[in-house]
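Accompanying notes for the structure given below.
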Amino acid sequence: MTNKDRTNKVKRLLGLQEKDTPNEYYRVSDVLCDLRHYCTIHNIDFEEENQLAEYCYDKEVKDE
């Protein structure tokens, strides 16, 4: 999967269009906020996940 493919996947799954609806997000910050809530409820360390995401992002950018 390329980084462009990853971008298209996020847009398809989350919306990130010009409006906030029950099924789609408008801003990336809204996604991050809801992910934090999800992590809290499910006892997932959001900061650890975020650090792993940064590592994966850096690697994917470097590899492409």
Side-chain angles (χ1 to χ4, degrees):
M1 179 180 288
T2 68
N3 292 335
K4 179 71 173 171
D5 293 336
R6 291 178 180 93
T7 300
N8 290 334
K9 179 181 177 182
V10 167
K11 185 173 183 178
R12 184 179 73 252
L13 293 173
L14 302 179
L16 299 173
Q17 299 293 324
E18 296 179 12
K19 59 186 175 190
D20 193 19
T21 70
N23 299 320
E24 293 184 336
Y25 287 95
Y26 170 61
R27 299 181 56 88
V28 172
S29 61
D30 296 331
V31 177
L32 294 172
C33 179
D34 286 355
L35 282 171
R36 289 185 81 113
H37 289 301
Y38 178 87
C39 287
T40 298
I41 288 171
H42 294 283
N43 297 315
I44 298 169
D45 185 336
F46 181 84
E47 294 304 324
E48 183 178 307
E49 294 296 318
N50 193 44
Q51 288 174 356
L52 180 57
E54 286 188 41
Y55 169 80
C56 292
Y57 172 82
D58 289 343
K59 184 175 182 333
E60 290 165 358
V61 168
K62 182 181 175 188
D63 289 349
E64 197 167 270

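Predicted, not measured: the structure shown is a model, and the values here were computed from it.
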Practice task
For H42, enumerate each residue passing the ring pair (Phe, Tyr, Trp, His ring centres under 6.0 Å) test, keeping only those at least two apart in sequence or located in another chain.
Solution key: Y38

Practice task
Could you grab the distance from atom CG of L32 to atom CZ of R36, nearest 0.5 Å is fine?
Solution key: 8.5 Å

Handout entry: By side chain to side chain donor-acceptor pair (under 3.5 Å) - contacts of D5 (at least two apart)
Key = T2

Exercise for the section: Indicate if L52 and L35 have the same hydrophobic cluster label, given that clusters are the connected sets of ILVMFWY residues with side-chain heavy-atom separations under 4.5 angstrom. Expected result: no

Exercise for the section: Each residue besides M1 in its hydrophobic cluster should be listed here, by chain and number; the cluster joins Ile, Leu, Val, Met, Phe, Trp and Tyr at side-chain heavy-atom distances under 4.5 Å. Expected result: none

Exercise for the section: Please step through side chain to side chain contact (heavy atoms under 4.5 Å, CB included) for the pair E49 and D45, ending with a clear verdict. Expected result: CA-CA 6 Å; E49 294 296 318; D45 185 336; 5.8 Å; no

Practice task
With sequence neighbours excluded, tell me which residues meet salt bridge (charged side-chain N to carboxylate O under 4.0 Å, His left out) with E48.
Solution key: none

Would you be so kind as to tabulate the donor-acceptor pairs closer than 3.5 Å made by side chains of residues 24-31, with sequence neighbours excluded?
from	atom 1	to	atom 2	distance (Å)
Y25	OH	D34	OD2	2.8
R27	NE	S29	OG	3.4

Exercise for the section: Find the distance between OG1 (T40) and CZ (F46) and round it off to the nearest 0.5 Å. Expected result: 9.0 Å

Quick one: side chains of residues 55-64, donor-acceptor pairs under 3.5 Å with protein atoms, not counting sequence neighbours, listed by atom name and distance.
from	atom 1	to	atom 2	distance (Å)
K59	NZ	D63	OD2	2.8
E60	OE1	R6	NE	3.4
E60	OE2	R6	NE	3.4
E64	OE1	N3	N	2.9
E64	OE2	N3	ND2	3.4

